[in-house]
Every structure is written in structure tokens, then in C-alpha cells.
Amino acid sequence: MPFPANFPVLESARVRLRPLNTGDAPDLLKVFGDPLAMRYWSRLPMEQVEEAVARIERVLRGFDSGDAISWAVAGREDDRLIGTLDLFRIELPHRRCECGYSLGTASWGQGLMSEILPLALDFAFGELGLHRVEADTDPRNAASVKLLERMGFQREGTLRQRWRVGTEVSDSAVFGLLAPDWHERRKQG
Ligand SMILES: CC(C)(COP(=O)(O)OP(=O)(O)OC[C@H]1O[C@@H](n2cnc3c(N)ncnc32)[C@H](O)[C@@H]1OP(=O)(O)O)[C@@H](O)C(=O)NCCC(=O)NCCS
């Protein structure tokens, strides 16, 4: 199936998933500049709004080149960015991609990512026709590991000492979800 020509806007009960724009940079900096939210991310927290602008420009280029779909998670009322949700390294010939997600700490623990990650997975396995979605998470990131397991991802292995962020070296727990397993889960509700 072809990569979408127009950016897919998706909605859940609480938030809207829309394209990022450079006007989101201050709100993106709030999330990506927070050491708590970035504790297990593959980069140090951002310090300057220019870094947020650069990330936004990069993800917009990613959509234009068919590599990624990066959603801003935005409040339905005020449209302000409170997080991000990405399908990236989309490889249509191999029918696979990776997924990533972040929320500002004020939105944690309310079941929000469990509400919206299924929208991205439905899109990946539906409209994009993918067969496999992967996630790479720090094994110590309990919320992320639980989220993936809740979605039916299987832990497939550990890549040791894979990331070097600041002075810290960390492992990757690699998770994978296959289309038939996702479709079966959705059928069962
Ligand atoms: C990972 C993240 C997106 C989860 O979002 P969330 O909306 O808070 O998650 P949910 O409320 O949907 O919870 C998902 C599961 O994790 C559990 N959980 C949430 N926070 C937790 C925590 N701090 N410790 C342990 N488990 C936690 C929930 O209980 C739930 O499990 P359950 O289904 O068994 O009840 C959020 O913590 C975050 O943005 N973290 C920072 C960015 C990040 O690390 N991203 C992942 C990079 S790979």
C-alpha cells in the first residue's frame, strides 16, 4: 500500500493526533526539555527552543520522504501539544516500521498512551499495510515496557549497551508486534 499523500489526522476521546508545526516548538521543548520525561530517551534533554524547531523540521521532512509519520498529541480544546507519537523507519518493501512515543509528565498515568497508541497501530497495520511494528525501549522504562506488553508486543531480545547518552550507556529491549496478532486482539476488543 502506498504512503499517504496527505497527513493522517486521527482523534481519540481526549486528544487529536495532528501534524507538528514550528509553532509547537515551545510546547515540544517543555516535553523534550524535561529530564524526567527524557530519562530513558536516546538523547539528552533539549535546552534551546531551536532544538525543538530542528526536530520538528526533521520530522516534517521525514513525512515528505515517506520515512515517518510523526503526530503531535494535542488537547482537543486548546490544540496545544502535550506529547508526540511516531511511526518511523517505515520500510514499505519489508512492511515494517518502528514506533515511539512521549508525553509531558502532567499527562502520565491516566491511560492516555494506551488510548492513542492503538490508533497509530491501526494505521500502521491498516492503511499502511505493514506486517510488523517494532519498539526499542530501555528495559528499566517500566511504563513503556508495560504499555508495549499491554498492546500485545512481544519482547524479542536485548541489545546490550546500545545507547550512549551523556555519560550513561544503556541497553535496548527490542519488542515486536505482528499484524495477525494485532488484528486478533482488535477482534477480541
Ligand atoms: C511511556 C509513556 C508514554 C506512558 O504513557 P502513559 O499515558 O503514562 O501510560 P498509560 O497510563 O497508558 O499506562 C500504560 C501502562 O504503564 C503503566 N505505568 C504507567 N506509568 C508507570 C510507571 N511510572 N511505572 C510503572 N508502570 C507504569 C500503567 O499502569 C499501564 O499499565 P497497565 O495497563 O498494566 O495498567 C510515558 O510514561 C512517557 O511519556 N514517558 C517518557 C517518554 C518515554 O520514555 N517514552 C518511551 C521511549 S521508548
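Remember, predicted model here, so these are calculated numbers, not experimental data. Indexing begins at 1, ligand by ligand and atom by atom, following the structure's order.
For atom 2 (C) of ligand 1, the closest non-hydrogen atom on the protein side is Y101 CD1, 4.6 Å. Among protein heavy atoms, atom 39 (O) of ligand 1 sits closest to L103 N, 2.8 Å. In this structure, the protein non-hydrogen atom closest to atom 22 (C) of ligand 1 is A143 CB, 3.8 Å. Among all protein heavy atoms, the one lying closest to atom 44 (O) of ligand 1 is N141 ND2, 2.8 Å. Closest to atom 17 (C) of ligand 1 among all protein heavy atoms lies K146 CD, 3.8 Å. The shortest contact between atom 4 (C) of ligand 1 and any protein heavy atom is with M113 CB, 4.1 Å.
Within the listing of ligand 1, atoms 6 (P), 8 (O), 11 (O) sit less than 4.0 angstrom from a heavy atom of G109. Contact atoms of ligand 1 toward D136: 48 (S) (distance under 4.0 Å to a heavy atom of the residue). Each of the following atoms of ligand 1 lies closer than 4.0 Å to a heavy atom of A142: 24 (N), 25 (C). Applying the 4.0 Å criterion to heavy atoms of R150 picks out, from ligand 1, the atoms 33 (O). Within the listing of ligand 1, atoms 10 (P), 12 (O), 13 (O), 14 (C) sit less than 4.0 angstrom from a heavy atom of S114.
Using a 4.5 Å cut-off on side-chain heavy atoms (C-beta onward), W108 and L36 make contact. Using a 4.5 Å heavy-atom threshold, the side chains of R150 and S114 count as touching. Side chains of L177 and R132 form no contact here, defined as non-hydrogen atoms less than 4.5 Å apart. Looking at heavy atoms from C-beta onward, D86 lies out of side-chain contact with E98 at the 4.5 angstrom threshold. Put simply, the side chain of Y40 does not reach to within 4.5 Å of the side chain of S170, judged on heavy atoms. L28 places none of its side-chain heavy atoms less than 4.5 Å from the side chain of V49. When side chains are defined from C-beta on, L130 does not count as touching R96, because their heavy atoms never get closer than 4.5 Å.
Taking any N or O of T137, backbone or side chain, none lies under 3.5 Å from an N or O belonging to ligand 1. The distance criterion of under 3.5 Å between nitrogen or oxygen atoms is not met by S144 with respect to ligand 1. Looking at W108 next to ligand 1, an N or O pair under 3.5 Å apart turns up. Between S102 and ligand 1, no pair of N/O atoms sits closer than 3.5 Å. Of the polar atoms of Y40, none of the N or O atoms is found under 3.5 Å from an N or O of ligand 1, judged by distance alone. For ligand 1, the polar-atom distance check finds no N/O of A37 at less than 3.5 Å from any of the ligand's N/O atoms.
Distances shorter than 4.0 angstrom occur between a heavy atom of G111 and an atom of ligand 1.
Under 4.0 angstrom from ligand 1, the non-hydrogen atoms of Q110 all belong to its backbone.
Within the structure, every pair that satisfies the side chain to side chain donor-acceptor pair (under 3.5 Å) test and touches residues 20-39, not counting sequence neighbours, is listed here: R18-D24, D27-K30, D27-R80, R39-E168.
Taking D122 as the reference, W182, R186 meet the side chain to side chain donor-acceptor pair (under 3.5 Å) condition, with sequence neighbours excluded.
A salt bridge is absent between K146 and E149; no separation between the charged side-chain nitrogens and carboxylate oxygens falls under 4.0 Å.
Checking W71 against T84 by side-chain atom types alone, no donor-acceptor pair falls below 3.5 Å.
For the side-chain contact (heavy atoms from CB on, under 4.5 Å) with F63, the lone residue among S70, P19, P8 that qualifies is P8.
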